[in-house]
Amino acid sequence: MNKKIGLREAISIGIGGMVGGGIFAVLGLAVSLAKGGTPVAFLFAGLIALLTAYSYAKLSKKFPSNGGTVKFVHQQFGNGVFAGGINNLLWISYIVMLALYATAFGSYGAELLAITGKKTFDAHLLQTGIIVMALLINYLSIKLVSGIESVSVIIKLLILTAFIGIGFYGFTVHPENLEQLAPKNWEDPLLMLSGGMVIFVAYEGFELIANSISDLKNPKKNTEKGYFGAVGFVIVLYILIAFVTVGALPFKEIASAKDYVLAKAAEPSLGNMGFTIITITALISTFSAINATILGSGRVNYDIAEDQELPQYFCHKLWGKPIGFLITAILSIILVNLFDLESISTAGSAGFLLIFCVVNYIGYKKHEELKSKKSIHLVASVLCLIAFFTLIIQQFSQNTIGVFVAIGIIIFCFALEFIYKKTATNTNV
């Protein structure tokens with residue numbers, strides 16, 4: 001942990017954080033919302049991520065800390081209820097992401113392994129089992145978590161790149177579905193924007209770079225390169241994956257295989273072998289993402305408690321690791337078994353859009369200290385806020401449960417902080 005990391009490692013952390021379980025979980029959902037405009041939906045979401053990366057890069061360079069987002073919020077808002085509520089929301093959003101990755105693992109795994117013969121039940125078994133396994137690995141060896149992530153990044157990028165290449169070659173053999181990408185098959189702009197926001201969770205992982213800036217070699221030179229390199233690469237990757245998927249399968253087949261559509265999209269060119277290869281890649285990728293998210297969320301939870309925004313109980317350790325690891329896993333298991341993919345994705349995207357809105361606002365307020373362009377921070381903050389309300393309004397008509405879950409989580413985070421602060425104050429008096 002004392003070794004300095006280079007630019008390549010920083011970019012890898014960002015790419016690994018984004019290209020985890022997100023693309024495997026939400027691609028089918030994106031197509032169901034944006035249809036032929038799915039590549040544009042990913043571009044919408046990517047542009048907001050890129051603008052937000054500017055704020056993160058400037059803040060990370062000025063305030064390098066393993067606390068990342070938590071520390072940025074404290075720099076602007078101190079240690080009050082608002083700061084605590086936002087940081088609680090970050091922790092809970094990690095839990096939502098963990099549930100999202102586990103959902104993807106279960107959906108892909110149930111297509112490959114028949115445990116009881118009932119796919120829905122098998123998916124829930126796999127979702128729960130993989131979180132428990134990842135929790136045990138985190139308690140046994142942090143080094144193993146890092147090793148799994150490092151190997152996983154290479155495997156999934158190689159296979160996804162091959163998927164794109166083979167997909168484009170497949171268009172020469174099966175061009176019949178390319179027409180689906182024509183503008184006439186795009187949904188209206190509002191729905192495409194909403195689709196992009198529902199799948200925004202596929203981009204949120206770039207903020208993990210903030211946790212490693214204090215260990216980055218030559219941070220003045222490499223910080224911006226790390227953020228923009230990671231986000232820019234992933235935007236191109238996601239657009240190409242979306243292009244290949246929509247061009248490979250009829251919309252009806254995409255809808256029927258929504259939860260494991262990336263594997264299904266490999267079938268036209270590679271048959272069952274392609275389906276199996278992508279499914280295994282999805283399992284490896286989501287497993288590594290679950291490992292890394294338990295680690296990250298447990299540390300965030302510990303940092304928040306250290307800053308006295310959660311009860312000191314969360315600073316306790318179990319087997320030498322933060323108790324937050326266990327609490328995060330338990331809450332994720334509950335979430336993944338109670339709600340569907342779209343509700344989980346909506347809640348995760350809403351949480352991170354609100355958090356990123358606040359981080360961009362912090363950049364705007366501190367632009368002189370950061371020596372940055374305040375207009376970029378302001379535009380990014382406003383776009384995040386518009387995207388948040390677009391997501392909530394559009395999803396309310398077709399995914400009311402998801403909206404209630406998202407709003408409920410936000411209210412809960414601030415209410416929890418308010419009650420804790422009031423209780424702590426009364427105790428001190």
Side-chain angles (χ1 to χ4, degrees), residues 11 14-54 104 153 156-172 175 177-206 227-249 251 254 258 261-266 268-269 278 281-282 285 345 349 352-353 356 380 383 387 390-391:
I11 292 174
I15 293 173
M18 287 181 280
V19 190
I23 187 65
F24 295 98
V26 302
L27 180 58
L29 182 59
V31 179
S32 70
L33 291 167
K35 296 293 190 293
T38 301
V40 181
F42 273 106
L43 178 61
F44 280 162
L47 289 176
I48 291 179
L50 196 62
L51 286 169
T52 302
Y54 178 81
V153 168
K156 63 192 173 191
L157 288 181
L158 285 174
I159 293 178
L160 287 175
T161 303
F163 167 81
I164 292 167
I166 293 169
F168 274 97
Y169 170 76
F171 292 156
T172 62
N177 295 310
L178 279 173
E179 180 68 17
Q180 293 182 154
L181 290 157
K184 67 179 182 181
N185 290 314
W186 296 7
E187 286 289 357
D188 65 78
L190 184 62
L191 203 54
M192 281 201 298
L193 176 61
S194 174
M197 294 312 100
V198 170
I199 60 168
F200 187 77
V201 287
Y203 284 106
E204 63 77 28
F206 73 85
Y227 277 103
F228 296 144
V231 176
F233 175 86
V234 171
I235 290 173
V236 174
L237 181 71
Y238 283 174
I239 289 172
L240 291 175
I241 289 173
F243 191 90
V244 168
T245 301
V246 175
L249 295 169
F251 286 133
I254 292 174
K258 185 170 69 173
V261 70
L262 207 59
K264 195 71 176 176
S269 298
I278 296 297
T281 304
S285 183
S345 185
S349 290
F352 277 106
L353 282 168
F356 289 166
L383 283 177
T390 300
L391 172 64

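Since the model is a prediction, treat every value here as computed from it, not as a measurement.
- Between Phe356 and Phe352, the ring-plane angle classifies as tilted under the 30° and 60° cut-offs.
- Taking the side chain as every heavy atom from C-beta outward, Leu262 and Thr281 never approach each other to under 4.5 Å.
- Looking at every heavy atom in both residues, Val261 comes nearest to Gly28 through CG1-N, 3.3 Å.
- Contacts of Ala387 classified as side-chain contact (heavy atoms from CB on, under 4.5 Å), with partners at least two apart in sequence or in another chain: Ile48, Met197, Leu353.
- Contact detail for Ile239 and Pro39: the closest heavy-atom pair is CG1-O, 3.7 Å.
- We find the CG-CD1 distance between Leu160 and Ile241 to be 4.5 Å, quoted to the nearest 0.5 Å.
- Once rounded to the nearest 0.5 Å, the distance linking CD1 of Ile235 with CZ of Phe44 reads 13.0 Å.
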Thr161 vs Leu240, side-chain contact (heavy atoms from CB on, under 4.5 Å): CA-CA, chis, key distance, verdict: CA-CA 9 Å; Thr161 303; Leu240 291 175; over 6 Å; no
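- Using a 4.5 Å heavy-atom threshold, the side chains of Leu33 and Glu187 count as separate.
- Here Leu47 pairs with Leu43 under the side-chain contact (heavy atoms from CB on, under 4.5 Å) rule; sequence neighbours left out.
- Annotation: side-chain contact (heavy atoms from CB on, under 4.5 Å) contacts of Ser32 (sequence neighbours excluded): Leu29, Lys258.
- One finds the CZ atom of Phe243 at 14.5 Å from the CZ atom of Phe42 (value rounded to the nearest 0.5 Å).
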With side-chain contact (heavy atoms from CB on, under 4.5 Å) as the criterion, how do Ser285 and Phe24 come out once you've worked through the C-alpha distance, each side chain's angles and the decisive distance to 0.1 Å? CA-CA 9 Å; Ser285 183; Phe24 295 98; 3.4 Å; yes
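- Between the side chain of Lys156 and the backbone N or O of Ala282, no donor-acceptor pair lies under 3.5 Å.
- To the nearest 0.5 Å, atoms CZ (Phe168) and CD1 (Ile164) are separated by 7.5 Å.
- The side-chain hydrogen bond (donor to acceptor under 3.5 Å, both in side chains) search around Thr38 returns none, not counting sequence neighbours.
- Among all heavy-atom pairs drawn from Thr52 and Ala380, the shortest one is N-CB, 4.3 Å.
- In this structure, the separation between CG on Leu181 and OG1 on Thr245 is 10.0 Å, given to the nearest 0.5 Å.
- No donor-acceptor pair under 3.5 Å is formed between the side chain of Ser345 and the backbone N or O of Ile199.
- Closest of all the heavy-atom pairs between Ala248 and Phe171 is N-CE2, 4.0 Å.
- Shown here for Met18 and Phe206, the closest heavy-atom pair between the two residues is CG-N, 3.5 Å.
- In terms of heavy-atom proximity, Ala53 sits nearest to Val231 at CB-CG2, 4.1 Å.
- Listed by chain and residue number, nothing satisfies the side-chain hydrogen bond (donor to acceptor under 3.5 Å, both in side chains) test with Tyr203 (two or more places apart in sequence, or in another chain).
- Here Phe251 pairs with Val31, Lys35, Gln180, Asn185, Val246, Ile254 under the side-chain contact (heavy atoms from CB on, under 4.5 Å) rule; sequence neighbours left out.
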